[in-house]
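The block underneath contains the structure these notes are about, expressed in structure tokens.
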Amino acid sequence: MDTWLRSRMHELSDLHGVINLAAWDREVYLPSKAAPARAQQLSTLHALHHERLVDPRLGDALAHAAGPGAGAGSMTPDEQAMVRVLTRERERAVRVPARLVTALAAAQGEGIQAWREAREARSFARFQPALSALLALRREQADAQGHDGERYDALLEGFEPGMRVQRLTPVLTALRDALIPMVGALASVRRPPPAFLDGRAYDTDRQWRFTMRLLEAVGFDLEAGRQDLSIHPFTNALHAQDVRLTTRLDAKHPLSALFGTLHEAGHGLYEQGFAPEHQRTPLAAVPSMGLHESQSRLWENLVGRGRPFWVHHFPALKEAFPQALADVDLDGFHAGINHVAPSLIRVEADEVTYNLHIVLRYELELALLRDELPVSELPSAWNERMRRYLGLTPPDDTQGVLQDIHWAWGEWGYFPTYALGNLYAASLHAAAQRALPELDAHLAKGDTSPLRGWLRVQLHSQGFRLPAEERVRAITGEGLTDRDFLQHLRAKYGALYGLTLKG
Ligand SMILES: [Zn+2]
């Protein structure tokens, strides 16, 4: 690959890292008066990145590199993949006219504002005009980027490259139909929520120290990253050697810190695991948001809510919170962190009910983009599905259609990546158990290195060489499936609730 193209790749990657630094800082350390200035700085940086990306000289260099003459023959397979990944990213950017980019940014600002006001007023009607405007612009964007008659595909492509509605819908529909009776069976047991999470005090300094212990336990490199506090936990990677995580501390709900940290650590391990030779290139990237989420969910749920992990860590947790956990043993704790109950709020949902929240959103998003559902009917369509899938009725729109910020940004196509993450996580974990038969024994001894090492070789260090589903197929022998996830739920929750679960 010629040095000019290589240096442009480095430049785009560096700009991306600095954008992430400024965005991370905004959520973690920004003084309140600095918000408008930071918004301008970020907007300038985004514009610079966009300008560099759509630069016609970059287009020419990529076309030349991919062409039959000078390029492809002399490049390594990794360099060819770099050209492929960057060409795809560039073409998606080029196809959206500058006028539309500006209009979208403005509509997003208005969307967030209207969403906040609507939540304040507990009324969807206040949000509806802004949402309709965003939807019209996203339709335009989808048409500009191109699709085969399914607009949603063009938006999905922005988060889950290669995934299509035609592939996704049957999987999520089957998942939904299997989960509804499973949730019903578990809910019929009517187990009360665990007493240790009912108003007991958990010192927040001790919570913080425990989350640092968890980061070390899963092998997150604290010399190549750090953890801070923020209102909503997130991960922003500036570089594989500089990965920023956040968590949150709640004196009455310690699980939010414990599992927030494990979740973000899963994202962070992925970012820290990119191959050194891919640094500052388009290959030092996760192939999709769903695959990224597979790593957070793997550590949070498959490992972190599993009994073997707590065989090792529960004694230290009990030592950290001797009063709050005085009457709790390992089995009680394990049952408590896996309590299943249908609920209205997605971010508070357990492992079993969570995907039903996602399927609900996916079905509504698809109907909106297909013009099958008027925006005005969104709340009633939401509530109707909530009743059918989880047996609940939101008392008002803030606990229903207004609960997530995603649509206020006009982000259609993002929600399904959460479900894909859960499904990929279960399949990867099942493959890890086949490859490492002693996995649970290692975890019970506090040793996560075999699992981390396996993930690093199979997944993290591969970067963006392959699209997500192809990568998963290369590892597990099968692409997207709900089988491993459902098997995991049946085995785990069947045992915890003393039921034989089908579906
Ligand atoms: Zn996540």
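In each ligand, atom 1 is the first atom listed, and ligand 1 is the first ligand listed. Note that the structure is a prediction, hence the values are computed from the model and not measured. When a residue number appears, it is its place in the shown sequence, counting from 1.
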In chain order, what residues pass the ring pair (Phe, Tyr, Trp, His ring centres under 6.0 Å) check against His406, with sequence neighbours excluded?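 Ring pair (Phe, Tyr, Trp, His ring centres under 6.0 Å) check on His406 returns Tyr414, Phe415, Tyr418.
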
Please find out if less than 6.0 Å separates the ring center of His267 from that of His292.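 Between His267 and His292, the centre distance is under 6.0 Å.
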
Asp228 and Arg244 ion-paired at < 4.0 Å: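 No.
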
Kindly indicate whether the side chain of Glu293, heavy atoms from C-beta on, has any atom under 4.5 Å from the side chain of Thr417.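 They are not in side-chain contact.
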
Taking the side chain as every heavy atom from C-beta outward, state whether Leu15 and Leu45 have any atom pair closer than 4.5 Å.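 They are in side-chain contact.
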
Check the angle between the aromatic planes of Trp407 and Trp412 and answer parallel, tilted or perpendicular using the 30° and 60° thresholds.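 Parallel.
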
List nothing but the number: protein N/O/S atoms under 2.8 Å from the Zn ion (ligand 1).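 Under the 2.8 Å cut-off, the count stands at 3.
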
